Amino acid sequence: MSPLIVTSLARRLKGDLPPSPPHPAIAQTIGGRRWPYRYLEHCQAVCGDTFVLHPLDRPPMVFLCDPQDIRAVLTGDPVELHPGAGGHVIAPLIGDRSFMLLEEQEHLSGRRAIHPAFHKQIVAEQTATLEDIVERAVASWPLDQPIALTPRIRALTLQVILRIIFSDQPDATLADLHGRLVQMLAISDSLILQGPRLRRLPYWRGLWRRFLKHRAAVDDLIHRLISDRRISGSGDHGDLLDVLLSAETVNGAPMPEREIRDNLMSMILAGHETTTGELAWAFQLLAHYPDRQRRLAEELDRDAGADYLHATVHETLRHKPVFVFAIPRNVVAPVRIGDYTYDPPVQLAACTYLLHHHPDLYPQPHEFRPERFLGSGAQTRTWLPWGGGRKHCLGRHFALLEVQTVLRHVLATRRVLPAGSHIERPRWRSAILVPHSGGRVILRARPMPSR
Ligand code: HEM
């Protein structure tokens with residue numbers, strides 16, 4: 001039996017953790033994987049606002065839903081709580097020298113290097129690039145038949161982030177990189193990304209080998225693009241590659257090539273998977289709530305500002321946050337939060353999904369109702385789709401711009417109809433939740449409004 005399972009069992013018996021649902025670890029693992037929203041809601045109903053799950057092969061994971069506890073986790077002392085380790089699931093994709101997986105000063109130094117490239121003002125300058133790519137992509141989406149939107153949105157968002165990172169590369173080179181990335185990232189849909197032990201089983205071994213081959217192909221091209229830029233002289237493009245080539249480590253040395261690669265991969269991944277998932281959810285919700293969609297389309301037709309569009313995006317992020325919980329924080333020194341003192345090894349998960357569905361905070365939480373965000377806007381204590389503290393989403397301004405741009409372009413000319421009787425249930429893709437069947441809808445041309 002693995003040492004983690006033994007520790008987990010011992011701690012369940014000792015009772016120094018919050019309550020846990022009365023299911024064996026295997027059932028808890030399957031529940032969390034197969035029905036993430038419903039299973040977490042069930043655990044909260046049975047155990048209250050703080051509970052622990054014992055996933056197989058992982059340390060116990062404490063879920064916190066109370067706003068004060070969530071704040072304590074997100075803003076916790078990085079010497080006691082390590083968020084880098086909590087992102088281990090995506091390590092094979094982004095590399096273990098990514099700033100996202102580092103701790104304390106190393107994390108901060110990488111984050112500070114990248115931050116300027118995603119400053120609100122710099123992001124605003126990317127509007128024209130974004131509009132151009134979105135317009136062409138949306139025009140190519142077929143009408144009047146059920147289509148899976150997620151892969152189409154992913155193609156669009158990946159194209160955008162690559163153009164922003166490697167601003168000087170010809171379209172053909174970026175298309176080549178795009179193709180290689182799509183092949184490599186297909187692994188994100190598989191269980192083996194979450195379960196390293198599975199990679200050794202005969203059933204999965206071939207899949208893992210193919211992933212390594214695709215990753216090597218991506219790395220070859222990325223290293224070539226980095227060296228091309230070094231030769232042509234960096235500094236003039238003002239894109240993320242320039243920023244990383246001039247970045248320094250905590251010791252003041254130039255950032256090593258391996259770290260540049262890992263940080264580029266981090267931004268490629270974080271910069272498109274999340275917005276893809278969130279947009280796919282937005283279209284699912286709008287398709288199944290036609291009156292909300294009509295109101296949004298009317299606002300666009302009348303050119304009457306963007307209040308309802310902002311409210312729609314806020315409500316989508318509340319209702320279907322792609323991250324069910326912020327990046328888990330690994331407890332590395334005893335820490336007291338709420339009624340418990342946590343000792344290692346434990347992970348703390350600030351559960352934004354349950355926070356966003358607390359009926360005291362959001363009446364009728366399962367209703368998609370953008371109106372709740374009209375006028376008052378979002379409360380920073382109770383609306384946390386971007387996480388918080390030192391891991392607060394670096395790309396949130398960019399994400400908002402991208403999500404709003406895509407919604408505007410689609411709804412200005414199309415109606416979005418449901419392709420099934422229900423909003424799709426969620427499924428995991430690496431560390432986020434996306435619609436289970438590809439975000440299927442039917443797009444129909446909409447007559448232009450008469451002015
Ligand atoms: C709707 C889309 C997005 C959502 C919902 C989202 C949400 C989040 C969340 C919840 C976190 C973790 C925060 C925490 O644990 O406290 C995060 C981190 C991060 N996000 Fe986003 N994100 C989105 C889009 C983006 C985009 C477009 C980019 C880049 C262009 C980006 C870059 C990052 C990075 C780099 C981190 C890690 C920061 C760190 O390690 O310090 N995100 N995001």
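Note that ligands are numbered from 1 as they come in the structure, with each ligand's atoms numbered from 1 the same way. Given the structure is predicted, the values throughout are model-derived calculations rather than measurements.
When hydrogens are left out, the protein atom nearest atom 10 (C) of ligand 1 is Pro385 O, 3.3 Å; that is the closest non-hydrogen contact. Annotation: atom 29 (C) of ligand 1 to nearest protein heavy atom, Gly271 CA, 3.5 Å. The nearest heavy-atom contact from the protein to atom 26 (C) of ligand 1 is Ala270 O, 3.4 Å. The closest protein non-hydrogen atom to atom 30 (C) of ligand 1 is Phe118 CE2, 3.3 Å. The nearest heavy-atom contact from the protein to atom 24 (C) of ligand 1 is Thr274 OG1, 3.0 Å. For atom 4 (C) of ligand 1, the nearest protein heavy atom (residue, atom name, distance) is Trp386 CZ3, 3.5 Å. Atom 20 (N) of ligand 1 has as its closest protein heavy atom Cys393 SG, 3.2 Å.
In this structure a side-chain-to-backbone donor-acceptor pair under 3.5 Å is missing from Thr173 to Gln169. Thr150 contributes no side-chain N or O that, together with a main-chain N or O of Ala280, makes up a donor-acceptor pair within less than 3.5 Å. Thr312 places no side-chain N or O within donor-acceptor distance of the main-chain N or O of Pro370, the cut-off being under 3.5 Å. Side-chain atoms of Trp281 do not come within 3.5 Å of backbone N or O of Leu317 as any donor-acceptor pair.
Taking the six-membered ring for Trp and thresholds of 30 and 60 degrees, His357 and His319 have ring planes more than 60 degrees apart, a perpendicular arrangement. Relative orientation of the Tyr362 and Phe373 rings is tilted, given thresholds of 30° and 60° on the angle between their planes.
When non-hydrogen atoms are compared, ligand 1 lies under 4.0 Å from the side chain of Arg111 (C-beta onward) but not from its backbone. Contacts between His272 and ligand 1, counted as non-hydrogen atom pairs separated by less than 4.0 Å, are absent for every part of the residue. Counting heavy atoms closer than 4.0 Å to ligand 1, residue Phe99 contributes side-chain atoms (C-beta onward) but none from N, CA, C or O. At a heavy-atom cutoff of 4.0 Å, ligand 1 is contacted by no atom of Thr352, backbone or side chain. Within the 4.0 Å heavy-atom criterion, the part of Arg390 lying near ligand 1 is the backbone and not the side chain.
Per-residue contacts place Gly387 under 4.0 angstrom from the following atoms of ligand 1 (heavy atoms of the residue considered): 10 (C), 13 (C), 14 (C), 16 (O). For ligand 1, the atoms closer than 4.0 angstrom to any heavy atom of Val322 are 5 (C). Of all atoms in ligand 1, listed by their number and element, those nearer than 4.0 Å to a heavy atom of Phe398 are 27 (C), 30 (C). Short contacts between ligand 1 and Met267, defined as distances under 4.0 Å to a heavy atom of the residue, involve ligand atoms 29 (C), 35 (C). Interface atoms of ligand 1 facing Ala326, defined by a heavy-atom separation under 4.0 Å, are 14 (C), 15 (O), 16 (O).
There is no side-chain donor-acceptor pair under 3.5 Å between Ser98 and Asp262. Residues Tyr308 and Glu371 bring a donor and an acceptor atom of their side chains to less than 3.5 Å of each other. Side chain to side chain, Glu104 and His82 meet the donor-acceptor criterion of an N or O pair below 3.5 Å. There is no side-chain donor-acceptor pair under 3.5 Å between Glu315 and His356.
In this structure, Val403 has no heavy atom closer than 4.0 Å to ligand 1.
Counting all heavy atoms, side chain and backbone alike, Leu241 lies closest to Leu264 at CD1-CD1, 3.9 Å.
For Arg329, a nitrogen or oxygen atom sits less than 3.5 Å from a nitrogen or oxygen atom of ligand 1, counting backbone and side chain alike. Polar contact with ligand 1: present for Gly388 (N/O pair, distance under 3.5 Å). Residue-to-ligand polar distances place His107 within reach of ligand 1: an N/O pair is separated by less than 3.5 Å. Residue Lys391 has at least one nitrogen or oxygen atom sitting less than 3.5 Å from a nitrogen or oxygen atom of ligand 1, judged on distance alone.
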Might you work through the side-chain contact (heavy atoms from CB on, under 4.5 Å) test for Val406 and Phe283, ending with a clear yes or no?
CA-CA 10 Å; Val406 174; Phe283 287 117; 4.2 Å; yes
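Of the options Leu394, Ile432, Ile327, Ile114, the smallest heavy-atom separation from atom 12 (C) of ligand 1 is shown by Ile327.
Taking the six-membered ring for Trp and the full ring otherwise, Tyr353 and Tyr37 have centroids separated by under 6.0 Å.
Here the CG atom belonging to Leu17 is positioned 7.5 Å from the OH atom belonging to Tyr342, to the nearest 0.5 angstrom.
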